[in-house]
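Let me begin by presenting the structure, written as structure tokens, before commenting on it.
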Amino acid sequence: MSDKRTTHFGFEQVAVEEKAKRVAGVFHSVAAKYDMMNDVMSGGIHRLWKRFTIELSGVRAGDKVLDIAGGTGDLSHKFARIVGAEGLVVLADINESMLRVGRDKLIDLGDVGNLQYAQADAQFLPFPDNTFDCITIAFGLRNVTDKDLALASMHRILKPGGRLLVLEFSKPTNGLLEKVYDTYSFRLLPLMGKLIANDSESYRYLAESIRMHPDQETLKGMMQNAGFAETRFYNMTGGIVALHKGIKP
């Protein structure tokens, strides 16, 4: 019997070492039209979800913030304006294409001086212990191979009293909404991906990855196991999205 470890890539089981390559392929494919697809897929509501994340973060002038899986930089842009010249925001993403799109976008917006960029794996974050006042990861944790390892890595580099905020798709709280959401995800989402980004398969994976992600209570427990205190979550849009928050004691 083989002891080769496997994990899920959407609904498909793949070797652990293969998942990162497959996920990278998805985001290399969608990077150029990622912002446009976010607006189309969510009807622009993703901006409200991110605004709530920023409001709940407690970030202030002079803080150091790490935006993991920061992609095209929506959160980093807002945080850079809040922390000011004395603060620092690091936009980190494992995917070179997404990081490049995000960097170019933020430079065009005039965000320079207090922003840095890092191509980094959330499981093995290359920062010293007790570095950041706040860490966010928005719509990225579900793509990480070992989520427990990633949460432990985030815990390590937060300062005592620092906050972790995980914004992610989750489980709808209403059965009827869940059925409607399933229809949208598995029928309309790949079609929109095909029409707008000429890539239905990547958006089919994104829908499947959402279903494989831990539900609200499970993720809360995982954060507690990683050492976070005062953990809680906030459902948005009927639980389609949840924001989890935890504090490093």
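For the numbers below, each heavy atom of this structure counts, side chains included, while hydrogens, waters and symmetry mates do not. Everything quoted here is computed from the prediction, not taken from an experiment.
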Checklist entry - Checking side-chain contact (heavy atoms from CB on, under 4.5 Å) for the pair Phe139/Leu167: CA distance, chi angles, key distance, verdict? => result CA-CA 6 Å; Phe139 306 113; Leu167 180 65; 3.6 Å; yes
Item to check | Stepwise side-chain contact (heavy atoms from CB on, under 4.5 Å) test for Tyr184 and Leu189 | outcome: CA-CA 6 Å; Tyr184 167 79; Leu189 189 56; 4.3 Å; yes
Next on the checklist: Let's go through Ile82 and Ile54 carefully: what are the C-alpha distance in whole Å and the side-chain angles of both, what is the deciding distance for side-chain contact (heavy atoms from CB on, under 4.5 Å) to 0.1 Å, and is it a yes or a no?
Outcome noted: CA-CA 10 Å; Ile82 295 171; Ile54 291 164; 3.7 Å; yes
Checklist entry - Run the side-chain contact (heavy atoms from CB on, under 4.5 Å) check on Leu48 and Phe52 step by step: do they pass? => result CA-CA 6 Å; Leu48 299 179; Phe52 182 62; over 6 Å; no
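When the side chains of ILVMFWY residues are joined at heavy-atom separations under 4.5 Å, either directly or via intervening members, Leu151 and Leu125 end up in a single hydrophobic cluster. Ile157 and Leu115 are assigned to two separate hydrophobic clusters, defined by single-linkage of ILVMFWY side chains at heavy-atom distances under 4.5 Å. Both Met222 and Leu158 are members of a single hydrophobic cluster when ILVMFWY side chains are connected at heavy-atom separations under 4.5 Å. No continuous path of ILVMFWY side-chain contacts below 4.5 Å connects Ile68 to Val241, so the two sit in separate hydrophobic clusters. Hydrophobic clustering (side-chain heavy atoms under 4.5 Å, transitive across Ile, Leu, Val, Met, Phe, Trp, Tyr) groups Leu219 together with Met154.
With hydrogens and angles ignored, the 3.5 Å screen pairs a side-chain donor or acceptor of Gln119 with a backbone N or O of Ile94. In this structure a side-chain-to-backbone donor-acceptor pair under 3.5 Å is present from Asn114 to Gly84. Looking at Arg163, its side chain never comes within 3.5 Å of a backbone N or O of Ile247 through a donor-acceptor pair. Lys159 places no side-chain N or O within donor-acceptor distance of the main-chain N or O of Asn130, the cut-off being under 3.5 Å. A donor-acceptor pair is defined here as one N or O able to donate and one able to accept, closer than 3.5 Å; such a pair exists between the side chain of Glu168 and the backbone of Gly140. Side-chain atoms of Asp104 do not come within 3.5 Å of backbone N or O of Val101 as any donor-acceptor pair. Between the side chain of Gln216 and the backbone N or O of Lys171 there is at least one donor-acceptor pair closer than 3.5 Å. Gln123 places a side-chain N or O within donor-acceptor distance of the main-chain N or O of Asp146, the cut-off being under 3.5 Å. One N or O on the side chain of His155 and one on the backbone of Gly227 form a donor-acceptor pair closer than 3.5 Å.
A salt bridge is defined here as a Lys NZ or Arg NE, NH1 or NH2 lying under 4.0 Å from an Asp or Glu carboxylate O, and Asp182 with Arg187 fails to meet this definition. A salt bridge links Asp129 to Arg156: one of the charged nitrogens lies within less than 4.0 Å of a carboxylate oxygen. Salt-bridge check for Arg204 with Glu201: passed, with a basic side-chain N closer than 4.0 Å to an acidic carboxylate O. Between Asp74 and Arg47 there is no salt bridge, since no side-chain N of the basic residue sits under 4.0 Å from a carboxylate O of the acidic one.
Rounding to the nearest 0.5 Å gives a distance of 4.5 Å between CZ of Phe132 and CG of Leu66. Rounding to the nearest 0.5 Å places OG of Ser170 at 10.0 Å from CD1 of Ile210. Here the straight-line distance linking atom OG1 of Thr218 with atom CE of Met223 works out to 13.0 Å at 0.5 Å rounding. A distance of 11.5 Å separates CD1 in Ile137 from CG in Leu165, rounded to the nearest 0.5 Å. A distance of 3.5 Å separates CZ in Arg232 from OH in Tyr234, rounded to the nearest 0.5 Å. Atom CG of residue Leu109 and atom CZ of residue Arg81 lie 6.5 Å apart, to the nearest 0.5 angstrom.
Counting only heavy atoms from C-beta outward, the side chains of Lys248 and Leu164 never approach each other to under 4.5 Å. Counting only heavy atoms from C-beta outward, the side chains of Asp39 and His46 approach each other to under 4.5 Å. Within the 4.5 Å cutoff, no side-chain heavy atoms of Cys134 are placed close to those of Asp63. Between Arg100 and Glu96 there is a side-chain heavy-atom pair separated by less than 4.5 Å.
Around the CD atom of Gln224, the shell of radius 6.0 Å holds more than 12 heavy atoms that belong to other residues, nucleotides or ligands. Open room surrounds NZ on Lys78; 12 or fewer heavy atoms of other groups in view lie less than 6.0 Å from it. At most 12 non-hydrogen atoms from other residues, nucleotides or ligands lie less than 6.0 angstrom from NZ of Lys64. Heavy-atom contacts from other residues, nucleotides or ligands closer than 6.0 Å to NZ of Lys245 number more than 12.
Tested against Pro172, the residues Leu177, Thr237, Asn235 include a single side chain to side chain contact (heavy atoms under 4.5 Å, CB included) partner, Leu177.
When all heavy atoms are compared, the tightest approach of Gly71 to Leu91 is O-CD2, 3.9 Å. Shown here for Ala120 and Ala92, the closest heavy-atom pair between the two residues is CB-CB, 4.4 Å. Ala118 and Val90 get closest at one heavy-atom pair: CB-CG1, 4.2 Å. When all heavy atoms of Phe228 and Gly246 are compared, the pair lying nearest together is CD2-C, 3.9 Å. Across all non-hydrogen atoms, the minimal contact from Ala122 to Ser153 is O-CB, 3.6 Å. In this structure, Ser209 and Asn143 approach most closely via the heavy-atom pair OG-OD1, 4.2 Å.
Aromatic ring centres of His213 and Phe169: separated by at least 6.0 Å.
Side chains of Asn174 and Tyr181: a donor-acceptor N/O pair is absent below 3.5 angstrom, by distance only.
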